[in-house]
Amino acid sequence: MYGDLGNKLVHHAKRAQNLAHLPPYQTELVRAVTREVRDLEKDLADMLESFEGGFDPHADQAKSCTMLVNHLSIRRNKRCLLAYHRTRTDKLEELVWKGYDLVDLPGQQVSSNSGSNLAATDTSSSSLSPQEEDYVRQYSDLLAAYKGQWTDIDLTGSLEPPRDLFIDVRVLKDAGEIQTEYGAITLTKNSQFYVRQGDVERLIAQGYLQKLG
Amino acid sequence: MSYYDLDAILTDAEKVPCKFELDVPDLGYLDNNPSQGLKAQTPVSLPLWLAELLALSSRTQSSNPEDSAPFLTLEMPKALSNEVVSALKADPRAVALRDQTHNMYGLATRMLDLFEEPEMCAVLRRTFVTRAAETALHARKAGATDDVVRGEGFLSGLEEWERSLFRRAHDGNKACKEWMEGVKK
Amino acid sequence: MALPLPQGLVPTEVAFLCEMEMVTVVPRQRLESIPLLSGDTPVLRPPHRAPMPLWLALLLKKQRRANIVPPAWLHPASLADIIHHETNVDPQAFSPPPPPPTRADGRTGRARPFQENIRSSREAPKPGDDPRLAPPFLPSCTADAPGGYLPYHWLELAEALLAHAADDVPAAAEVRSLLRDLQEVRAAKMRGSTQSLEGGGGVVVLRGVGAMELAESRAFVLGVVDGVRKLGASAEATRRDEEANGGGGRYGGGGGRGDFEDSDEEMEF
Amino acid sequence: MDIDDILREVDPSSSGLPSETRDLQSLTRVWVAERSTPELLSWPTDGLVERVNGRIASQIERVEALTGDMDPRSNFALIVIQTELERYKFLVRSYLRARLAKVDRHALHYLSTPDLRARLSPTELAYATRHQALLHNHYLASFLGSFGPTLQNLNDTSGNITMIDTPDLESAVFIRLLRDARVMGKGVDADGDVQGRTGDIIILRWSDAKPLVDTETAELV
């Protein structure tokens with residue numbers, strides 16, 4: 001019946017909520033639910049038209065019941081579609097906060113668990129819809145603008161309370177040269193450094209460096 | 001209730017037994033019978049998002065709520081039947097709520113909003129609190145593993161609110177243990 | 001999501017707060033004052049004691065620049081007393097928290113009466129006043145904090161000292177085992193509090209509970225309270241109606257609800 | 001009234017604590033509160049966050065002036081300063097992000113009335129407005145645009161559920177009493193009414209806790 005496809009979308013969203021990565025966008029399902037809404041809208045319009053403006057809901061109760069059912073089905077589908085997309089934008093925003101950009105995103109499934117190379121997964125197709133890719137771009141810009149108001153505190157830095165300012169780290173994969181206030185350090189695989197934690201948090205989060213206990 | 005909340009949306013999809021109060025020729029599909037039309041008093045099972053407002057909307061023109069007639073009338077879903085409530089009253093821990101429905105308490109709050117059932121309300125609250133305490137014990141036993149809600153027996157019978165409680169208890173224990181171990185570093 | 005954390009502080013954040021607690025150090029080296037955001041640190045001259053926030057004291061300790069003087073409540077005899085209280089004197093409640101201090105700031109300097117003593121309890125503070133102090137800004141972990149009472153951050157402070165300054169804690173091994181006993185007896189009380197939530201809360205007082213104990217159970221306990229409230233919403237509304245007009249339920253016929261007419265009207269075409 | 005109160009009235013800066021210490025206490029309190037309440041609290045109107053941020057900026061300058069290319073192990077004062085700096089940065093960061101998370105979750109609600117908008121800082125307001133526009137555009141581009149015009153809104157409040165999600169003000173919180181006070185709170189079977197003592201930790205609904213917090217009778221924990 002009406003709403004069943006919308007329900008499927010919500011189950012997809014619910015599953016996605018508990019996953020570390022973002023599963024592929026349900027293009028077909030979204031299209032089908034959208035079509036259902038348009039059909040229902042058209043049915044409603046047709047029904048209203050057939051009364052030629054003289055519809056009295058209390059005189060024709062069966063018709064008004066059918067129209068109410070149509071109307072509720074439309075609302076239901078709209079809610080399911082919005083919740084599905086919202087769940088995904090929430091996850092996308094979370095990734096933007098973590099410092100991923102669009103180039104990284106197709107690979108985020110792999111990197112979230114194994115810490116393997118972000119760029120090595122370019123064979124997998126994007127799990128984002130084109131609209132979602134646009135959204136990521138725009139949200140990244142928005143976040144950058146907000147962040148720019150608070151440059152001194154590094155808004156996207158760690159949400160773990162700071163413990164030791166300077167830490168020992170091991171380099172898990174080559175990350176090139178980074179600038180610290182004590183000068184430049186070249187991070188080559190398997191080397192170890194005593195560095196300011198704030199300088200390398202992003203690299204730890206992205207799996208380039210490992211904090212040593 | 002939250003518009004974007006997935007659990008609320010899924011609870012809204014819970015089916016409730018109901019009967020239409022009038023013949024509706026165009027709605028036969030709700031009874032899997034599109035060609036026949038829907039006859040008044042045919043028992044059908046509809047999701048809350050549809051049934052609730054049909055039960056609350058008036059089809060007649062009347063300013064007096066007493067004689068306003070709804071499109072359909074609702075009944076208690078099976079998950080909240082007398083048998084289930086009695087079983088919960090006897091031993092809240094012995095019932096696998098999840099087998100009734102994944103959204104047992106969510107459904108219950110919706111139905112309690114529609115039906116005056118003080119007895120059921122009291123039983124469910126006791127059930128919830130008793131099972132919550134039990135859930136917390138299991139969460140402690142599960143320890144600092146990430147293997148959340150995969151136990152058999154009691155844990156497999158947890159419905160969604162209870163699963164959330166289990167996760168909260170488990171995450172609290174785990175975060176505390178991790179902090180304890182981290183202090184030494 | 002800008003903040004992937006649950007509502008309410010998590011254990012690591014509670015430990016962070018605890019690091020703001022003042023402790024007493026005995027310097028082993030001279031150290032000039034350091035201009036910090038929270039004010040200048042005191043000049044350190046051995047063997048003169050000085051107050052320090054825990055995070056700084058631990059930094060000094062790790063560099064062997066100072067020793068930390070543990071608070072009296074952390075001594076084995078004090079802990080044993082508290083355990084006795086928790087198990088025998090009042091097996092239901094947590095042992096009482098330390099009495100409110102008589103100084104608001106706990107730093108050396110001008111003596112100033114604690115606001116409690118000069119105001120009636122109902123009077124709201126005037127703008128421009130110092131904030132009313134509470135942990136971690138009360139001197140409940142310094143050398144002169146009283147024995148026999150567990151302060152709000154007792155567990156975090158004890159663990160931090162045992163981990164990084166065990167040689168400053170007298171009878172550290174005994175202290176460690178007493179702390180485990182204490183944790184256990186209090187955890188049972190925390191768990192027991194769940195059953196009391198069935199009536200749907202109102203006001204539940206957990207006098208004497210510690211910060212880490214809260215952090216561990218907060219999300220769960222609040223989840224139970226909120227669940228009971230939602231399940232009891234209809235009962236609560238009925239009770240309020242009855243109290244308001246002395247009888248008569250809120251429901252007319254079957255399936256009535258407050259916004260009946262509204263939703264009806266809005267759903268028409 | 002004693003001599004300290006009189007002094008304080010003539011000269012507010014003579015109050016017992018140095019303003020740096022007081023700001024740390026205030027910042028800590030607003031952080032814990034923001035992390036603990038279901039709804040967004042007001043942006044401090046006394047310039048607290050801006051003031052702390054300014055001090056952080058000058059402390060960073062101080063660090064830069066002190067730092068050459070010396071080994072961090074050799075300069076203890078620098079380590080202390082930077083350690084503290086990180087603590088402050090964390091506090092402000094976590095505070096701002098706790099706020100932003102709430103703004104994101106209920107953006108339309110906080111943008112809906114002047115009173116609610118007034119809780120946001122100017123930059124938060126700009127962020128929330130733009131974020132909401134981005135989301136709406138995203139929905140329009142993904143599916144909403146092909147619906148009829150009356151269905152394209154995100155703020156429909158008719159029917160049995162409003163599209164404008166609001167924080168649950170009845171959800172429970174933990175507070176600590178900052179002085180002796182009578183505490184009343186709504187309950188299911190009965191309402192609570194307790195004579196509380198300074199330091200008591202209490203569970204109650206946020207709607208009942210808020211007046212106590214607003215008058216500094218209690219704080220969130």
Side-chain angles (χ1 to χ4, degrees), chain A residues 1-18 20 40 43-44 46-47 50 56-90 113 160-161 163-164 167-168 211-213, chain B residues 1-15 20-32 34 37-40 44-54 56-62 68-72 102-103 148-149 160 163 167 178-179 181-185:
Chain A
M1 66 173 269
Y2 295 129
D4 285 350
L5 293 173
N7 229 35
K8 266 196 192 169
L9 266 187
V10 178
H11 278 288
H12 274 289
K14 173 100 177 163
R15 228 169 294 135
Q17 225 173 21
N18 299 319
L40 283 162
D43 287 354
L44 260 184
D46 289 350
M47 272 186 268
S50 69
D56 174 4
H58 301 293
D60 193 340
Q61 295 178 3
K63 266 284 177 273
S64 90
C65 183
T66 305
M67 289 170 71
L68 184 52
V69 168
N70 268 24
H71 184 77
L72 291 171
S73 304
I74 291 173
R75 278 172 175 263
R76 170 70 185 179
N77 279 328
K78 177 177 171 183
R79 189 179 178 193
C80 292
L81 281 164
L82 281 171
Y84 175 75
H85 286 82
R86 176 66 178 264
T87 305
R88 291 179 61 90
T89 53
D90 278 352
N113 281 325
E160 277 285 308
R163 292 210 41 201
D164 297 303
I167 54 168
D168 287 303
K211 186 174 165 181
L212 299 174
Chain B
M1 192 163 45
S2 161
Y3 185 85
Y4 291 90
D5 183 76
L6 299 180
D7 288 322
I9 297 176
L10 291 173
T11 301
D12 225 2
E14 290 284 341
K15 297 258 171 92
F20 276 85
E21 295 290 320
L22 69 171
D23 293 351
V24 193
D26 297 335
L27 295 184
Y29 70 89
L30 293 177
D31 188 33
N32 285 322
L38 192 64
K39 291 271 175 284
V44 286
S45 185
L46 296 181
L48 266 175
W49 60 262
L50 185 55
E52 188 181 47
L53 269 171
L54 288 172
L56 294 175
S57 300
S58 173
R59 63 191 156 103
T60 53
Q61 198 156 27
S62 167
S68 77
F71 289 107
L72 58 69
H102 289 195
N103 304 292
V148 175
V149 199
E160 286 300 307
R163 280 197 170 194
R167 241 171 260 125
E178 282 173 358
W179 161 75
E181 283 153 20
V183 180
K184 279 144 204 129
K185 281 200 274 181

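Letters go in sequence order (proteins before strands), and every chain restarts at 1. Since the model is a prediction, treat every value here as computed from it, not as a measurement.
- Looking at B:Glu160, only its side chain comes within 4.5 Å of chain A, counting heavy atoms on both sides.
- With sequence neighbours excluded, no residue satisfies side chain to side chain donor-acceptor pair (under 3.5 Å) with A:Arg163.
- In this structure, the portion of A:Thr87 lying under 4.5 Å from any heavy atom of chain B is its side chain and not its backbone.
- B:Ala8 touches chain A through backbone and side chain together, each having a heavy atom under 4.5 Å away.
- Proximity to chain A (any heavy atom under 4.5 Å) is shown, for B:Leu38, by neither the backbone nor the side chain.
- Side chain of A:Arg76 to backbone of B:Ile9: a donor-acceptor contact under 3.5 angstrom is found.
- Residues B:Leu27 and A:Val69 come closest through the heavy atom pair CD1-CG2, 3.7 Å.
- Between A:Tyr2 and B:Trp49, the shortest heavy-atom contact is O-CZ2, 3.5 Å.
- The contact between B:Asp12 and chain A is made by backbone and side chain atoms together, counting heavy-atom distances below 4.5 Å.
- Interface remark: A:Arg79 contributes backbone and side-chain atoms alike to the contact with chain B (heavy atom separation under 4.5 Å).
- Note that the NZ atom of A:Lys14 and the CG atom of B:Leu10 stand 6.5 Å from one another [nearest 0.5 Å].
- Rounding to the nearest 0.5 angstrom, the gap separating the OH atom in B:Tyr3 from the NZ atom in A:Lys78 is 5.5 Å.
- Put simply, of A:Ala83, A:Cys65, A:Ser73, A:Cys80, the one with the most heavy-atom pairs under 4.5 Å next to chain B is A:Cys65.
- For B:Tyr29, the part lying under 4.5 angstrom from a heavy atom of chain A is the side chain only.
- Taking 4.5 Å as the limit, some side-chain heavy atom of B:Leu54 sits within range of a side-chain heavy atom of A:Leu68.
- Each of B:Leu22, B:Val24, B:Asp23 was scored for a side-chain contact (heavy atoms from CB on, under 4.5 Å) with A:Gln61, with one residue passing: B:Leu22.
- Remark: B:Glu14 engages no residue in a salt bridge (charged side-chain N to carboxylate O under 4.0 Å, His left out) (not counting sequence neighbours).
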